[in-house]
Peer 1: 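Got a structure for you, written out below as structure tokens; questions coming shortly.
Chain letters run A, B, ... following the sequence lines, proteins first and then strands; every chain starts at 1.
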2 protein chains.
Amino acid sequence: MPAPQDCPGCATPDLAFAAHDHAHCTADALARAEALTAAAGARLTPVRRRVLEILLEEHRALGAYDVLSRLAQDGYGNQPPVAYRALEFLVDQGLAHRIQRLNAFTACVHPGEDHAPAFLICRSCHAVAEAPAAQARAALDSAAAQSGFLVERATIEALGLCPTCRGQA
Amino acid sequence: MPAPQDCPGCATPDLAFAAHDHAHCTADALARAEALTAAAGARLTPVRRRVLEILLEEHRALGAYDVLSRLAQDGYGNQPPVAYRALEFLVDQGLAHRIQRLNAFTACVHPGEDHAPAFLICRSCHAVAEAPAAQARAALDSAAAQSGFLVERATIEALGLCPTCRGQA
DNA sequence: TCTTGACCTGTTATGATATTACATACATAG
DNA sequence: CTATGTATGTAATATCATAACAGGTCAAGA
């Protein structure tokens with residue numbers, strides 16, 4: 001088995017959007033997933049493994065219900081928790097990412113001004129502040145440019161503790 | 001009316017989480033909203049104005065249904081589109097932000113490694129790449145630190161065009 | 001004045017995403 | 001072999017979001 005860096009695939013930023021031996025990356029990733037879960041004392045069961053395969057097969061983000069319908073085709077349970085639980089496991093194990101939203105709105109504190117906001121969301125009191133993120137945005141633009149990707153809109157959110165709640169903890 | 005920078009409130013990053021004359025910021029923001037919508041030839045109708053007030057009153061992000069239930073208390077319609085439409089208007093006018101996520105999952109391309117991913121999501125072909133965003137993350141951390149906010153988890157997403165789709169456009 | 005057309009609001013219905021609660025199966029330590 | 005913890009299956013329901021259409025308001029122009 002080649003070392004990870006030998007795989008000329010998805011994990012290499014410049015090649016992420018380019019054609020590459022995707023089957024190779026997939027096999028490689030599955031093998032590493034087996035090793036990592038074993039090392040963590042967790043079990044990469046058939047459903048979980050299949051969900052990871054499904055995610056790896058696609059070069060895009062899948063909704064939980066997309067995953068679920070593919071699982072159902074393979075004879076697994078087709079109720080939402082089946083997919084959500086396997087996905088949660090993979091995220092916990094660092095094998096997948098959840099691209100998430102808050103489903104919420106805040107008033108803009110800089111209306112009428114051109115600005116690149118980042119949102120600081122306190123997980124304790126749920127306060128939200130809008131911080132200036134021009135630098136972070138610039139860094140993102142330049143990282144994207146490495147892959148030839150053109151950023152049109154960016155979402156930068158931080159979940160953590162506000163000063164007040166930090167003081168109380 | 002004081003100039004915006006005279007308002008010692010929400011819009012000042014260092015003070016965003018600190019105690020301040022919030023009523024002042026609110027009044028100020030509403031006045032500016034009136035001016036901005038008028039200048040844009042748009043109408044800040046009672047529902048829309050009320051929704052902005054509701055968002056401004058809270059120092060946190062509200063779900064559309066939260067907004068809706070407060071609207072209903074004031075005698076406005078209590079069907080989801082009432083809130084969604086007003087919120088959409090405010091976002092279009094730059095008076096509010098929508099904090100959103102994709103509700104989707106991708107396989108991690110760097111499992112087992114400590115990394116700060118940014119997601120590059122092509123709006124045309126829906127491909128998703130995971131780009132290294134250590135710099136953007138560092139910039140975010142430092143912007144947050146200005147307000148005394150401690151970042152635990154960050155979500156950095158870019159919506160735009162991948163190289164392939166750019167070529168086709 | 002009347003009409004027209006643009007835009008705003010309300011309502012019904014439905015789609016899409018996510019979780020709770022509980023029942024069953026299964027692996028493995030003792 | 002059995003008890004325990006963990007994984008999976010299922011039903012029901014909660015939460016978030018949009019499509020489609022009906023009616024109201026208001027201002028510009030005939």
Peer 1: Under the rule for salt bridge (charged side-chain N to carboxylate O under 4.0 Å, His left out), what residues qualify as partners of B/Asp92, not counting sequence neighbours?
Peer 2: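 Residues passing salt bridge (charged side-chain N to carboxylate O under 4.0 Å, His left out) with B/Asp92: none at all.
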Peer 1: Rounded off to whole Å, could you give me the CZ-to-C1' distance for the A/Arg85 and D/dA11 pair?
Peer 2: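 About 12 Å, once rounded to whole Å.
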Peer 1: Taking only nitrogen or oxygen atoms into account, show me every contact under 3.5 Å that the protein makes with nucleotides 12-14 of chain C, one pair per line with its distance.
Peer 2:
none

Peer 1: With the threshold set at 4.0 Å, does a side-chain nitrogen-carboxylate oxygen contact exist between A/Asp66 and A/Arg70?
Peer 2: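 The answer is no: the pair does not qualify as a salt bridge.
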Peer 1: For B/Leu95 and B/Leu55, what are the C-alpha separation, side-chain angles and deciding distance, and is it a side-chain contact (heavy atoms from CB on, under 4.5 Å)?
Peer 2: CA-CA 10 Å; B/Leu95 299 171; B/Leu55 292 181; over 6 Å; no
Peer 1: Taking side chain to side chain contact (heavy atoms under 4.5 Å, CB included) as the test, write out the residues that go with A/Ala139, two or more places apart.
Peer 2: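 Listed in chain order: B/Gln135, B/Ala136.
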Peer 1: Quick check: do B/Thr155 and B/Phe119 have side-chain heavy atoms less than 4.5 Å from each other?
Peer 2: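 SC-SC contact between B/Thr155 and B/Phe119 ruled out.
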Peer 1: Rounded to whole angstroms, how far apart are CD on A/Glu88 and C1' on C/dT17?
Peer 2: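 After rounding, the reported distance stands at 15 Å.
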Peer 1: To the nearest Å, how far apart are A/Tyr84 OH and D/dT10 C1'?
Peer 2: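 Going from OH in A/Tyr84 over to C1' in D/dT10 covers 16 Å.
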Peer 1: Between A/Arg50 and A/Glu53, is the closest basic N to carboxylate O distance under 4.0 Å?
Peer 2: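 Yes, this pair counts.
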Peer 1: Could you tell me whether a side-chain N or O of A/Arg166 sits under 3.5 Å from a main-chain N or O of B/Gly148, the two making a donor and an acceptor?
Peer 2: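 Checked: pair present.
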Peer 1: How close or far is atom C1' of D/dT10 from atom CG of A/Asn78, stated in whole angstroms?
Peer 2: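 About 9 Å, once rounded to whole Å.
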Peer 1: Among residues at least two apart in sequence or on other chains, which ones pass side chain to side chain contact (heavy atoms under 4.5 Å, CB included) with B/Ala158?
Peer 2: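 For B/Ala158, the residues satisfying side chain to side chain contact (heavy atoms under 4.5 Å, CB included) (neighbours in sequence not counted) are A/Leu140, A/Phe149, A/Val151, B/Leu120.
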Peer 1: With a 4.0 Å heavy-atom cut-off, tell me which residues in residues 40-50 of chain B come close to DNA chain D, sorted by residue number.
Peer 2: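 When residues 40-50 of chain B is checked for heavy atoms under 4.0 Å from DNA chain D, there are no hits whatsoever.
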Peer 1: In whole Å, I'd like the distance from the CG atom of A/Leu90 to the C1' atom of D/dT8.
Peer 2: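 Those two atoms, CG and C1', are 15 Å apart.
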Peer 1: Please state how far atom CG in A/Asp66 lies from atom P in C/dA18, giving the value in whole angstrom units.
Peer 2: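 Value for this atom pair: 11 Å.
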Peer 1: Ignoring hydrogens and geometry beyond distance, is the side chain of B/Tyr65 in donor-acceptor contact with the base of D/dA14 at under 3.5 Å?
Peer 2: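 Absent.
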Peer 1: Rounded to whole angstroms, how far apart are CG on A/Leu71 and C1' on D/dG9?
Peer 2: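 It is 13 Å, rounded to the nearest whole Å.
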Peer 1: Just the rounded figure in Å: distance from P of C/dC26 to OH of A/Tyr76.
Peer 2: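 Interatomic distance, OH of A/Tyr76 to P of C/dC26: 14 Å.
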Peer 1: For B/Arg48, give me all partners under salt bridge (charged side-chain N to carboxylate O under 4.0 Å, His left out), at least two apart in sequence or on another chain.
Peer 2: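 For B/Arg48 there are no salt bridge (charged side-chain N to carboxylate O under 4.0 Å, His left out) partners, ignoring immediate neighbours.
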